[in-house]
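Everything below concerns the one structure shown next.
This chain uses plain numbering: 1 for the first residue, then up along the sequence. The structure displayed is predicted, hence computed values, not measured ones.
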Amino acid sequence: MNTRFISASHSLLARLAQSAKHHPKRIVAAIASLLLTAGGGAFAVASLDQETENLPIHTVITPVDSLVQGSTLAQLTSDTRFSLYRSEYTRNTDTAASLLQRLGIADPQAVSFLRNNPQASENILGRTGRLVTAQASNDHQLEKLIVRWVVEGNNTDFQRLTLQRNAAGSFDVVIDSAPLEVRTRMAGGTIQSTLFAATDAAGIPDHIATQVADIFPEINFRRLFKGDRFTFVYETLEADGELLRSNRVLSAQFVNRGKTYEAMWFQEPGQRGSYYAMDGSSLRRAYLNAPLEFTRISSNFSNRFHPILKTWRKHLGTDYAAPTGTKVRTVGDGVVEFAGWQNGFGNVVYIKHTNASHVTVYGHLSRIDVQKGQRVEQGDGIGAVGSTGWSTGPHLHFEFRVNGVHQDPQSIVAENVNNPISEKVKAAFKVQADQMRDQLASADLIYNTTAQ
């Protein structure tokens, strides 16, 4: 065996030597490439001038001690315990069994505890978007479960539920709170088809994409062009080093059909923050483009064939198709004028806005989250999409009335709010704007470098 191996080795080396004589540069390049790839960047090239067939060949045989020498099979199998980790976000349809199954856990005792313990079931099951991290044994028994979430309206602390198996084999539950960490992230992308396809490819949360659609109302985000590009700088809220949710867009640049749009968040002391162009002009409008976050219109302000009454009737609003439970937001500041049940509208909310002649109507809601007389600000949640009243499927019916007369909402929402930067903060605004430009330039550079 050894003789045949040595003979084959001699033959191979002879052929390599012959090739080296005829193609020395190719051989050097090939070896350099191989060493560069294998060595992670550090490489060296040896001279091939020496006759390789004259090099001595040695066979070295070295015994290697077994790493399990002297151990029995029972001892070896008893040392193979390890922990498995997995994270998921809760869904409103989760049951105790389905959640643990998605986390890779097969533990009937844990399922029963999660279902029957009030603290655990109340804060985990039926909730949407709460981060769950599970630690399980190698036989898929639950060892520890940690759930983290942010209470609505609180951007300083997060809640943490820890469920852990104790020495007796049962589970203990503890709920505490800890400070959130605010981080800044930069990202960029290029439109190939849609905004959400591009932001998904760039790892940007949907919440950031929908904010940008509100920041730049001049851009038709339903008809973007291939090659349009963007860079965003935004905040994230993190807990124990884990991303809980995205927060606010700090600055954004969007190039649409060759035209560049820029915006930044700025808040004067004691005033409400808003988005501005880099020159200090306000980008805030009196009303948002839509009462839902970046969705599709299913029926415009026009005549239509009524699906229930089976007659042609003037449609005095805009219908937005969306799944039941989708958040409905007020398009502008105002006071809730009515919140309750009303004939064909089903559950409906009326809001009288700062301009007292303007009233908006939100119909067919599955639930109402405000009450009469409550003050609301632009973007606040007032309920959820449903199919109550005269409705053939889940959608939001939205109306805009001026002095009691129905108006096309799309003709009203483009009004600007006069909210320029005051003279006393112009210097501070300019400093922040310069910083935002630098961050956007850095984000664009990082994106273009990685894309290439």
Side-chain angles (χ1 to χ4, degrees), residues 91-93 126-129 150-153 196 205-215 217 221-222 245-246 248 284-301 307 315-355 358-401 406-410 412-413:
R91 304 170 185 171
N92 61 359
T93 57
R127 302 290 184 170
T128 301
V150 178
V151 177
E152 192 66 33
F196 284 115
D206 286 352
H207 178 57
I208 298 301
T210 56
Q211 283 188 61
V212 171
D214 284 334
I215 292 170
F221 284 94
R222 294 180 178 85
R245 74 180 186 192
S246 54
R248 176 185 294 126
R284 186 173 188 268
R285 295 180 178 248
Y287 303 106
L288 296 174
N289 279 340
L292 302 181
E293 292 183 338
F294 194 55
T295 185
R296 65 183 178 90
I297 297 175
S298 60
S299 181
N300 287 303
F301 184 88
H315 190 232
L316 301 176
T318 302
D319 285 351
Y320 294 88
T324 298
T326 301
K327 175 185 173 182
V328 175
R329 56 187 186 169
T330 173
V331 295
D333 300 344
V335 176
V336 177
E337 188 176 53
F338 177 84
W341 185 274
Q342 191 179 82
N343 301 326
F345 279 144
N347 288 324
V348 63
V349 172
Y350 287 68
I351 293 179
K352 182 182 286 290
H353 294 283
T354 304
N355 182 335
H358 291 182
V359 173
T360 52
V361 181
Y362 311 78
H364 305 310
L365 303 176
S366 61
R367 71 169 191 272
I368 295 174
D369 296 333
V370 291
Q371 55 188 358
K372 183 178 179 178
Q374 180 178 336
R375 181 167 295 280
V376 292
E377 294 185 351
Q378 185 181 86
D380 285 351
I382 59 172
V385 169
S387 187
T388 56
W390 296 351
S391 171
T392 58
H395 71 283
L396 173 72
H397 175 80
F398 175 66
E399 293 183 4
F400 206 112
R401 302 178 183 180
H406 295 83
Q407 302 287 335
D408 182 355
Q410 299 306 308
I412 303 293
V413 297

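- Among I368, D369, I351, the single residue meeting the side-chain contact (heavy atoms from CB on, under 4.5 Å) criterion with I382 is I351.
- Between F400 and Y287, the ring centre distance stays below 6.0 Å.
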Practice item. Run the numbers on H353 and T330 for side-chain contact (heavy atoms from CB on, under 4.5 Å), then give the verdict. Key: CA-CA 10 Å; H353 294 283; T330 173; 3.8 Å; yes
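- Atom CD1 of I208 sits about 8.5 Å away from atom CD1 of I215, to the nearest 0.5 Å.
- Between the CZ atom of R248 and the NE2 atom of H207 there is a distance of 9.0 Å, given to the nearest 0.5 Å.
- Distance check: D319 CG to S391 OG gives 8.0 Å after rounding to the nearest 0.5 Å.
- Using a 4.5 Å heavy-atom threshold, the side chains of R367 and L365 count as separate.
- Checked against side-chain contact (heavy atoms from CB on, under 4.5 Å), T128 has the following partners two or more places apart in sequence or in another chain: N92.
- Here the side chains of V348 and W341 are not in contact, with every heavy-atom distance at 4.5 Å or above.
- Using a 4.5 Å cut-off on side-chain heavy atoms (C-beta onward), F196 and D206 make contact.
- In this structure, Q371 and V336 approach most closely via the heavy-atom pair O-CB, 3.4 Å.
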**Study point:** Derivation and outcome, salt bridge (charged side-chain N to carboxylate O under 4.0 Å, His left out), residues R284 and D333
**Key:** CA-CA 12 Å; R284 186 173 188 268; D333 300 344; 3.3 Å; yes
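- Counted by atom type alone, E399 and Y362 present zero donor-acceptor pairs between their side chains at under 3.5 Å.
- Taking 4.5 Å as the limit, every side-chain heavy atom of V331 sits out of range of all side-chain heavy atoms of Q378.
- Aromatic ring centres of Y320 and H395: separated by at least 6.0 Å.
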**Study point:** Evaluation steps, side-chain contact (heavy atoms from CB on, under 4.5 Å), between V328 and L292
**Key:** CA-CA 5 Å; V328 175; L292 302 181; 3.8 Å; yes
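- At distances below 3.5 Å, not a single donor-acceptor pair connects side-chain atoms of H364 with backbone N or O atoms of L396.
- Pairing each heavy atom of P217 with each of D214, the nearest pair is CD-O, 3.6 Å.
- Side chain of S246 to main chain of P205: no donor-acceptor pair is present (N/O by atom type, distance under 3.5 Å, no hydrogens or angles).
- D380 places a side-chain N or O within 3.5 Å of a backbone atom of E377 that can act as its donor or acceptor partner.
- Looking only at distances, no side-chain donor or acceptor of T388 sits under 3.5 Å from a matching main-chain atom of G346.
- The OH atom of Y350 sits 10.5 Å away from the OG1 atom of T360 when rounded to the nearest 0.5 Å.
- A donor-acceptor distance shorter than 3.5 angstrom exists from the side chain of R329 to the backbone of A290, with no hydrogens or angles considered.
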